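Working notes, structure below.
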Amino acid sequence: MADMYGALRSNFFKVKDIEKFKEWFAKYHFGDDVEVWVENETERSVGFGSYEMYPFAHPRIHDEEEDELVDADLNVFAKELCEHLEAGEVFSVTSGGNEKLRYVSYDQLIIAQEHPDQPLYEYRSSQDDNDVLLKRVRGE
């Protein structure tokens with residue numbers, strides 16, 4: 001058995017207040033080594049990413065006992081995120097990885113500031129059966 005390794009990367013997006021965004025973002029977990037970057041201080045443009053073992057684009061939070069990470073509610077995350085985004089901004093984060101190329105997967109989360117109630121999340125893996133993959137190729 002091997003471990004899954006990969007990368008996690010967001011786009012750069014503009015926030016209303018960099019420090020308030022970082023403080024809020026810290027309660028969500030996208031990986032162990034995630035680093036937030038400020039691309040442009042004046043325009044308040046930030047992004048994040050990392051190289052990870054088991055990367056994922058779905059935010060996680062600590063459970064009530066704070067001993068385990070569980071998937072965050074995407075609707076709650078999107079609503080809170082959109083309070084930090086400048087008008088018209090789009091947040092996108094993608095992760096991908098592989099386990100010695102036996103299993104390859106990626107996932108992506110997209111949230112538009114103008115549509116906080118419609119987060120888009122997708123996960124795909126080489127373990128998906130052919131019917132799932134063929135439907136995706138055909139656009140079904």
Side-chain angles (χ1 to χ4, degrees):
M1 180 121 187
D3 290 321
M4 173 90 60
Y5 291 95
L8 169 79
R9 180 69 166 89
S10 79
N11 63 326
F12 282 104
F13 49 93
K14 295 178 183 176
V15 295
K16 295 174 184 173
D17 182 299
I18 292 172
E19 294 309 314
K20 285 182 182 177
F21 170 78
K22 285 181 174 181
E23 183 180 318
W24 167 80
F25 187 76
K27 76 178 183 178
Y28 288 99
H29 187 82
F30 282 90
D32 293 327
D33 298 317
V34 170
E35 186 177 345
V36 176
W37 309 296
V38 177
E39 179 187 45
N40 185 315
E41 190 84 35
T42 305
E43 294 182 6
R44 298 176 313 282
S45 179
V46 299
F48 63 93
S50 67
Y51 291 106
E52 291 287 330
M53 184 184 297
Y54 301 103
F56 46 89
H58 193 294
R60 297 183 180 172
I61 56 172
H62 286 282
D63 64 4
E64 290 180 12
E65 292 81 29
E66 294 196 18
D67 59 354
E68 194 172 320
L69 289 168
V70 296
D71 287 344
D73 182 323
L74 280 183
N75 291 318
V76 171
F77 177 80
K79 182 180 177 202
E80 291 176 0
L81 170 69
C82 288
E83 292 175 10
H84 291 277
L85 294 178
E86 286 285 353
E89 287 296 303
V90 174
F91 168 93
S92 175
V93 60
T94 303
S95 75
N98 70 83
E99 180 186 310
K100 292 188 177 179
L101 292 179
R102 288 183 291 194
Y103 309 110
V104 178
S105 66
Y106 84 92
D107 61 334
Q108 183 175 26
L109 173 61
I110 301 171
I111 300 171
Q113 183 273 334
E114 295 172 347
H115 303 285
D117 57 339
Q118 298 173 353
L120 303 172
Y121 178 74
E122 180 174 49
Y123 171 84
R124 290 288 177 234
S125 170
S126 60
Q127 292 179 289
D128 292 340
D129 62 39
N130 285 336
D131 290 342
V132 171
L133 297 174
L134 289 172
K135 286 179 181 179
R136 179 166 171 75
V137 169
R138 293 181 190 137
E140 297 175 9

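Starting from 1, each residue takes its place in the sequence as its number. Only a predicted model underlies this, so the values are computations on that prediction, with no experimental measurement involved.
A 6.0 Å sphere centred on NZ of Lys79 holds no more than 12 heavy atoms belonging to other residues, nucleotides or ligands.
Residues passing the salt bridge (charged side-chain N to carboxylate O under 4.0 Å, His left out) test with Glu83: none are found, sequence neighbours excluded.
The side-chain heavy atoms of Glu89 and Val15, taken from C-beta on, include no pair separated by under 4.5 Å.
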Stepwise side-chain contact (heavy atoms from CB on, under 4.5 Å) check, Val46 with Phe13: CA-CA 6 Å; Val46 299; Phe13 49 93; 3.5 Å; yes
Step-by-step side-chain contact (heavy atoms from CB on, under 4.5 Å) determination, Val93 to Phe48: CA-CA 9 Å; Val93 60; Phe48 63 93; 3.7 Å; yes
side-chain contact (heavy atoms from CB on, under 4.5 Å) assessment of Leu81 paired with Phe25: CA-CA 8 Å; Leu81 170 69; Phe25 187 76; over 6 Å; no
Verdict with reasoning, Met4 to Met53, per side-chain contact (heavy atoms from CB on, under 4.5 Å): CA-CA 6 Å; Met4 173 90 60; Met53 184 184 297; 5.7 Å; no
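Linking ILVMFWY residues whenever their side-chain heavy atoms come closer than 4.5 Å, directly or via other members, places Val70 and Phe77 in the same cluster. Cluster annotation: Leu74 and Leu120 are assigned to distinct hydrophobic clusters (Ile/Leu/Val/Met/Phe/Trp/Tyr, side-chain heavy-atom contacts under 4.5 Å, transitive). Residues Trp24 and Val76 fall within the same hydrophobic cluster, defined by Ile, Leu, Val, Met, Phe, Trp and Tyr side chains chained together at heavy-atom separations under 4.5 Å. Under the 4.5 Å side-chain heavy-atom criterion for grouping Ile, Leu, Val, Met, Phe, Trp and Tyr, Val90 is not connected to Tyr121 through any hydrophobic cluster.
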List, one per line, each side-chain donor-acceptor pair under 3.5 Å for residues 56-63, sequence neighbours excluded.
from  : atom 1 : to    : atom 2 : distance (Å)
Arg60 : NE     : Asp71 : OD1    : 3.4
Asp63 : OD1    : Glu65 : N      : 3.3
Asp63 : OD1    : Glu66 : N      : 2.8
Asp63 : OD1    : Asp67 : N      : 3.1
Asp63 : OD1    : Glu68 : N      : 3.4

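Ring geometry, Phe21 versus His84: the interplanar angle exceeds 60°, so the pair is classed perpendicular (tilted spans 30 to 60°).
Pairs engaging residues 18-37 under the salt bridge (charged side-chain N to carboxylate O under 4.0 Å, His left out) rule: Lys27-Glu80 [sequence neighbours left out].
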